[in-house]
**Q** 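Before I ask anything, let me first share the structure, which is written out below as structure tokens.
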Amino acid sequence: MSYDDVEIEDMDWNDELKAFTYPCPCGDLFQITKEELKIGEEIARCPSCSLYITVIYNIEDFLGDSKKHVVEPSKQQPIAVAC
């Protein structure tokens, strides 16, 4: 069972760890990276103890530009190549 449910807005970005963090009762920090959030992970773990929290967030906020560069098959144009 998760120690707590925490909204991503209540977490801090840590440049050193390259992760969102939240204080753990043991004195360390729960951590979750942007890459983990992008793949749908919602569990932030503490590296010093067995506790973890559930992060509440909208995955679409972390997909960013990756969806903008996808060309849908119906919009692809054939290309003529000269030999």
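Hydrogens, waters and symmetry mates play no part in the numbers below; they use all other heavy atoms, side chains included. What you are looking at is a predicted structure, and each value in this text was computed from that prediction instead of being measured.
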**Q** With sequence neighbours excluded, give me every side-chain hydrogen bond (donor to acceptor under 3.5 Å, both in side chains) pair touching residues 34-43.
**A**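 Qualifying pairs, neighbours excluded: Thr33-Glu36.
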**Q** Are the side chains of Pro47 and Asp28 in touch, meaning some heavy atoms are under 4.5 Å apart?
**A**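 Pro47 vs Asp28: side chains touch.
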**Q** Just jot down the side-chain contact (heavy atoms from CB on, under 4.5 Å) partners of Asp5, sequence neighbours excluded, or say none.
**A**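 Partners of Asp5 under the side-chain contact (heavy atoms from CB on, under 4.5 Å) test: Ser2, Thr54, Ile56.
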**Q** In Å, rounded to the nearest 0.5 Å, how long is the span from CE of Met1 to CG of Leu51?
**A** 12.5 Å
**Q** Which Ile, Leu, Val, Met, Phe, Trp or Tyr residues join Tyr52 in one cluster when any pair of side-chain heavy atoms under 4.5 Å counts as a link?
**A**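 Besides Tyr52, the cluster holds Ile43.
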**Q** Indicate every side-chain donor-acceptor pair of residues 12-27 with a distance under 3.5 Å to a residue at least two apart or in another chain.
**A**
unit_1	atom_1	unit_2	atom_2	d
Trp13	NE1	Asp15	OD1	2.7
Asn14	OD1	Glu16	N	2.9
Asn14	OD1	Leu17	N	2.9
Lys18	NZ	Asp15	O	3.3
Thr21	OG1	Asp12	O	3.3

**Q** As an exercise, state the distance from CZ of Arg45 to OG of Ser50, rounded to the nearest 0.5 Å.
**A**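 Arg45 CZ to Ser50 OG: 10.5 Å, rounded to 0.5 Å.
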**Q** Kindly compute the distance separating CD1 (Ile53) from CE (Met11), expressed to the nearest 0.5 Å.
**A** 4.5 Å
**Q** Using side chain to side chain donor-acceptor pair (under 3.5 Å) as the criterion, list what pairs up with Asp4, not counting sequence neighbours.
**A** none
**Q** Using a 4.5 Å cut-off on heavy atoms from C-beta on, say whether the side chain of Leu37 contacts that of Ile8.
**A**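 SC-SC contact between Ile8 and Leu37 confirmed.
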**Q** Taking OH in Tyr3 as the centre, count heavy atoms belonging to other residues, nucleotides or ligands within less than 6.0 Å. Is the count above 12?
**A** no
**Q** Any link between Leu29 and Ile32 through a network of hydrophobic side chains (Ile, Leu, Val, Met, Phe, Trp, Tyr) touching at under 4.5 Å?
**A** no
